[in-house]
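Below is one structure; the comments refer to it alone.
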Number of protein chains: 2
Amino acid sequence: MAETLTINRKEQIMQVAARLFKNKGYEATSMRDIAAELGIEAASLYHHIKSKEEILTAICFDMANRFVTALKEVNDIYFNAEERLRMAIQYHVQISCDYLDATAVFLNEWRSLPEPSLSEFKKMRDSYEKQFRIIVKDGETEDIFDNVDEKFAALTILSSVNWIHQWYKADGNMNPSQISKKLADIIIGGIRKKLITDPHYKP
Amino acid sequence: MAETLTINRKEQIMQVAARLFKNKGYEATSMRDIAAELGIEAASLYHHIKSKEEILTAICFDMANRFVTALKEVNDIYFNAEERLRMAIQYHVQISCDYLDATAVFLNEWRSLPEPSLSEFKKMRDSYEKQFRIIVKDGETEDIFDNVDEKFAALTILSSVNWIHQWYKADGNMNPSQISKKLADIIIGGIRKKLITDPHYKP
DNA sequence: ATTTGCCTACCAAACGTTAGGTAAAATGGC
DNA sequence: GCCATTTTACCTAACGTTTGGTAGGCAAAT
């Protein structure tokens, strides 16, 4: 979550919670843990938030909306499949790096969402994944991508980008733009149509 | 875990626990949950196992050893980097599919391991990842792989194979061998050296 | 005077686990 | 095969601790 000069207590709670949820897991993080990080008592958190579940729900749906909105933008601005895929990966990587903690929570802790949020979340996630499938399918139609199983390709793409929260460091030697370019190169290189004149190519 | 005709109670506990840990998470799964699945009382579990943590530790280290052993075999049997990488992916995929529940626990629940198991686990995991890096590096030396950042490539490879537990179904339309071949094709296709005669290639 | 944001005290429920007991199964001697 | 003894695998009851959360109070800020 983006840093501002002064943030209110609720926002502090969300940020600390996201960090602790990422590192320990939602279930293993107590309200007393969160409060201690903020230098207050657990009961005081309830002045600002309704419940522990409210925190998790907010983090997960905030991230879901970011990813969905970014992908919509990609589809609105770009037209050919390779560009869309590159940009989709780039946006996804950028958001993941900008919101590392919340992304980790989004990816790993949704199982603890209460119903009906859980079902709703799964729908959003499935819809997001389907968009990647459509892009791959369009690439095949445009004769630029191999005839891969587009569900498989989409899952592979998403799985490779969804691990960044485990190793990315803002002060590391790769920035989000470089990461997304390298990732896109590998993935797109892997699903792009090959010519038989390529002596390294084995069908 | 492989199915045998009759398994003892301890093995039943491990299997049920792995399934529940995968679906609900370790922390959110109580001993009463596990016992209920087996039709007994939670206190009865302690006749067969020492503690909840013992279950998690056993699952995680059992899987770690499987992956490590398989990779060692790959390195002993195969010699060129592409073959090693293909086989490493194949073994990894096969094990993941054979032990879906335990793999998910291995990948997602290690954070709850007690010390010193946690530190030991991280070492094993880092060592396993380093082996993938060596394979990629060797491929560059053999002039078959692009000059990619081998840490990045290894992480990308592992991230793409480590999502299978989320969507693989034994009765689906792809078996582990097909999955590993497709995955290896995409990944290796993505990191393989390209010729400038390839008209689709943009440096 | 009212609002805000914290505190302390407390609650009911849930947790992993221990201890003692008992019935059924297994074992070994005859 | 029978029987006494031992072992096994469960049960109930209970423990100490932790959890998410409520309620009332108070001091500082508005």
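Proteins get letters first, then strands, A, B, ... in listed order; numbering begins at 1 in each.
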Are B:Glu73 and B:Thr69 close enough, and set up right, to give a side chain to side chain donor-acceptor pair (under 3.5 Å), and what steps lead you there? CA-CA 6 Å; B:Glu73 195 172 308; B:Thr69 300; over 6 Å; no

With side chain to side chain donor-acceptor pair (under 3.5 Å) as the criterion, how do A:Gln94 and A:Asp98 come out once you've worked through the C-alpha distance, each side chain's angles and the decisive distance to 0.1 Å? CA-CA 6 Å; A:Gln94 186 69 55; A:Asp98 287 345; 3.1 Å; yes

Check step by step if side chain to side chain donor-acceptor pair (under 3.5 Å) holds for B:Ser177 and B:Gln90. CA-CA 7 Å; B:Ser177 180; B:Gln90 179 169 327; 5.2 Å; no

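Distance B:Arg9 CZ to D:dT7 C1': 17 Å, rounded to the nearest Å. Going from atom NZ of B:Lys52 over to atom C1' of C:dG16 covers 8 Å, rounded to whole Å. Rounded to a whole Å, the CD1 atom of A:Ile49 is 7 Å from the P atom of D:dG21. Here D:dC11 presents its P atom at 14 Å from CE of B:Met31, a figure rounded to the nearest Å. Between the CG atom of A:Asp33 and the C1' atom of D:dG20 there is a distance of 12 Å, rounded to whole Å. Rounded to an integer number of Å, the gap from CD of B:Glu41 to P of D:dC11 is 5 Å. Regarding B:Tyr46, its OH atom lies at a distance of 18 Å from the P atom of C:dG20, rounded to whole Å. Atom CD1 in A:Ile13 sits roughly 14 Å away from atom P in D:dG20 (whole-Å rounding).
Here the closest heavy-atom approach between residue A:Leu45 and residue A:Met31 is recorded as CD1-O, 3.4 Å. Of all heavy-atom pairs spanning A:Asn162 and A:Leu107, the tightest one is O-CD1, 3.4 Å. When every heavy atom of B:Asp101 is checked against every heavy atom of B:Arg19, the shortest pair comes out as OD2-CB, 3.5 Å.
Of the side-chain N and O atoms in A:Ser44, one or more sit less than 4.0 angstrom from OP1 or OP2 of C:dC7. Using a 4.0 Å cut-off, some side-chain N or O of A:His48 falls inside it from OP1 or OP2 of C:dC6.
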Between the protein and nucleotides 9-14 of chain C, list the N/O to N/O atom pairs that are separated by less than 3.5 angstrom.
none

